[in-house]
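The structure appears right after this line, and notes come after that.
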There are 2 protein chains.
Amino acid sequence: MTTMKIEDEIKQTAFKTEYHKAYINMLYTSNWLVQEQSNLFKPFGVTLPQYNVLRILRGQHPKPATVSLLIERMLDKTSNASRIVDKLEVKGLVTRKQCPNDRRTVDVLITDKGLALLKQMDDLDGGSKTGIRNLTEQETAELNRLLDKIRD
Amino acid sequence: MTTMKIEDEIKQTAFKTEYHKAYINMLYTSNWLVQEQSNLFKPFGVTLPQYNVLRILRGQHPKPATVSLLIERMLDKTSNASRIVDKLEVKGLVTRKQCPNDRRTVDVLITDKGLALLKQMDDLDGGSKTGIRNLTEQETAELNRLLDKIRD
DNA sequence: TGCAAATATATGTACATACATTTAATGTAC
DNA sequence: GTACATTAAATGTATGTACATATATTTGCA
């Protein structure tokens, strides 16, 4: 993928301010990263949100997780964890059963098939093929600082 | 909105590397910005993608734009411009008519109602209520540099 | 005890994304 | 000038997001 400065990518002549440019640049780069990762994941038949839920479940394994816990850990708090778990259940990557202690809650558990799939995918995520590259460690730390500061 | 470091926000203990943390931080902050702007726009009855299309159309006005041009300028190239224009047409914010020269293409034109709506919204976007704040001009320029470098 | 409030999850609806396919119109090669 | 490829836009389908509402269960308190 040949990459250009953000002005060229969206064929816009100029931005009003450096702030406005950074805003567009943030959304654009975030989309870019998501799409890149999603392409890598396609052969494995799981979407990015589904992958993220599987990761959380592996973190809990062999303990189950409730849907509430999934929501709490998900990047996008308002997304619909129930329906993402639906898709994973159909694929046999997780199981879901009512918790005996509190029958309102549901125990979601990653299956062996799910664990095996994640193992296959491990080298993709965080590997050199995806994510933040091209930056030095110091630049990456600075990026983290700037992002945290934006949300202050 | 009280904001915390990214580790606390998604209740994760630690990240493997600074790069991994920056990746999550990018997606999280981008979502955060989008949601913030979308909340501001809600009272006006247009979504963020719809707003962005209206902005492009105003940039062309009084000339019309084709759907291809919209796609070219949109942040998310793979999104479905036709259907976003559908929604805007229903709301009377744009008109759509077949172009006489090339009957494959469609001239999309922002209406007076659309222009008036944008005028109302102008102070929100790029104003102090949304977008990149808290950063100095220099920090913002550095952020732009880092983002461009990621996509290199 | 009994009943209202709170909690956990699921469901409904509108919108958008991602991507494949379709339809119509234009361009091009022969 | 007909046949085939190309282009522009729309449509179909699966997924996800955002938000409101529904349903079941538990908790807490009068």
Side-chain angles (χ1 to χ4, degrees), chain A residues 27-28 30-54 64-91 93-94 96-108, chain B residues 27-28 30-54 64-91 93-94 96-108:
Chain A
L27 304 197
Y28 186 84
S30 169
N31 274 346
W32 189 88
L33 286 169
V34 165
Q35 200 150 338
E36 184 190 49
Q37 187 156 20
S38 145
N39 286 339
L40 274 175
F41 283 2
K42 205 160 301 163
F44 298 95
V46 287
T47 64
L48 190 55
Q50 289 169 11
Y51 172 76
N52 286 331
V53 166
L54 284 180
T66 61
V67 173
S68 309
L69 184 138
L70 293 178
I71 291 170
E72 196 174 67
R73 302 267 175 99
M74 282 167 71
L75 283 186
D76 201 330
K77 309 290 190 190
T78 68
S79 85
N80 209 320
S82 281
R83 278 186 273 233
I84 293 174
V85 172
D86 284 348
K87 305 291 157 57
L88 292 171
E89 197 181 17
V90 167
K91 292 173 196 159
L93 302 173
V94 309
R96 182 155 50 173
K97 78 173 209 294
Q98 200 176 46
C99 171
N101 305 345
D102 183 341
R103 284 185 303 171
R104 286 171 305 180
T105 69
V106 168
D107 281 346
V108 184
Chain B
L27 304 197
Y28 187 85
S30 170
N31 273 346
W32 189 87
L33 288 168
V34 166
Q35 199 149 341
E36 185 189 49
Q37 187 157 17
S38 144
N39 286 338
L40 274 174
F41 283 2
K42 204 159 303 160
F44 298 95
V46 287
T47 64
L48 190 54
Q50 289 170 11
Y51 172 76
N52 288 330
V53 167
L54 284 180
T66 61
V67 173
S68 309
L69 183 138
L70 293 178
I71 293 171
E72 196 176 68
R73 301 264 175 102
M74 281 166 73
L75 285 186
D76 201 330
K77 310 289 189 192
T78 68
S79 87
N80 207 319
S82 281
R83 278 186 274 234
I84 294 174
V85 173
D86 284 348
K87 304 293 156 58
L88 293 172
E89 197 180 18
V90 168
K91 292 173 196 160
L93 302 173
V94 308
R96 180 156 49 174
K97 77 172 207 297
Q98 202 177 46
C99 172
N101 305 344
D102 184 340
R103 283 186 304 170
R104 286 172 303 180
T105 69
V106 168
D107 280 347
V108 183

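Numbers restart at 1 for each chain; the letters A, B, ... are given by sequence-line order, proteins then strands.
- One interatomic measurement links the two molecules: CE of Met74(B) to C1' of dT17(C), which rounds to 10 Å at whole-angstrom precision.
- On the nucleic acid side, DNA chain D has its first and last nucleotide under 4.0 Å of a heavy atom of chain B at dT7(D) to dC19(D), going 5' to 3'.
- Residue Ser38(A) is classed as having no contact, given no heavy-atom separation below 4.0 Å to the nucleic acid.
- When the side-chain hydrogen bond (donor to acceptor under 3.5 Å, both in side chains) test is applied to Asp76(B), the partners found at least two apart in sequence or on another chain are Thr78(B).
- In terms of the salt bridge (charged side-chain N to carboxylate O under 4.0 Å, His left out) criterion, residue partners of Asp102(A) (sequence neighbours excluded) are, by chain and number, Arg104(A).
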Item to check | Derivation of the side chain to side chain contact (heavy atoms under 4.5 Å, CB included) call for Lys87(A) and Val90(A) | outcome: CA-CA 5 Å; Lys87(A) 305 291 157 57; Val90(A) 167; 5.8 Å; no

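- Looking at Lys91(B), its side chain does come within 3.5 Å of a backbone N or O of Gly45(B) through a donor-acceptor pair.
- Taking atom NZ of residue Lys87(A) and atom P of nucleotide dA10(C), one finds them 13 Å apart after rounding to whole Å.
- The side chain of Ser79(B) places no N or O atom within less than 4.0 Å of a non-bridging phosphate oxygen (OP1 or OP2) of dA16(C).
- Take Arg103(B) and apply the side chain to side chain contact (heavy atoms under 4.5 Å, CB included) test, not counting sequence neighbours, and it matches Gln98(B).
- Residue Ala81(B) comes nearest to Ile71(B) through the heavy atom pair CB-CG1, 3.7 Å, listed as atom of the first residue, atom of the second, then distance.
- Qualifying side-chain hydrogen bond (donor to acceptor under 3.5 Å, both in side chains) partners for Lys97(B), counting only residues two or more places apart in sequence or in other chains: none.
- Across the interface with DNA chain C, nearest-nucleotide mapping of Val34(A) and Asp86(A) shows Asp86(A) to be the residue nearer the 5′ end.
- We find that NZ of Lys42(A) is positioned 11 Å from C1' of dA20(C), with the value rounded to whole Å.
- Atom CG in Asp107(A) sits roughly 12 Å away from atom C1' in dA8(C) (whole-Å rounding).
- Residues satisfying the side-chain hydrogen bond (donor to acceptor under 3.5 Å, both in side chains) test with Ser30(B), not counting sequence neighbours, are Ser30(A).
- Contact between Phe41(B) and Leu48(B) at its shortest, heavy atoms only, is CE2-CD1, 3.7 Å.
- Residues that satisfy the side chain to side chain contact (heavy atoms under 4.5 Å, CB included) test with Thr47(B), not counting sequence neighbours, are Pro49(B), Gln50(B).
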Check nucleotides 21-26 of chain C against the protein and report each pair of N or O atoms closer than 3.5 Å, with its distance, or say if there are none.
unit_1, atom_1, unit_2, atom_2, d
dT26(C), OP1, Arg103(B), N, 3.1

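- Ranked by how close their nearest DNA chain D nucleotide is to the 5' end, Ala65(B) and Arg83(B) are led by Ala65(B).
- With sequence neighbours left out, the side chain to side chain contact (heavy atoms under 4.5 Å, CB included) criterion links Glu89(A) to Val94(A), Arg96(A).
- Mapping Asn31(B) and Val85(B) onto DNA chain D via the closest heavy atom, the residue that lands nearer the 5' end is Val85(B).
- For DNA chain D, none of the residues of residues 44-52 of chain B falls under the heavy-atom distance limit of 4.0 Å.
- With the nearest nucleotide of DNA chain C identified for both Gln35(A) and Leu69(A), Leu69(A) has the one nearer the 5' end.
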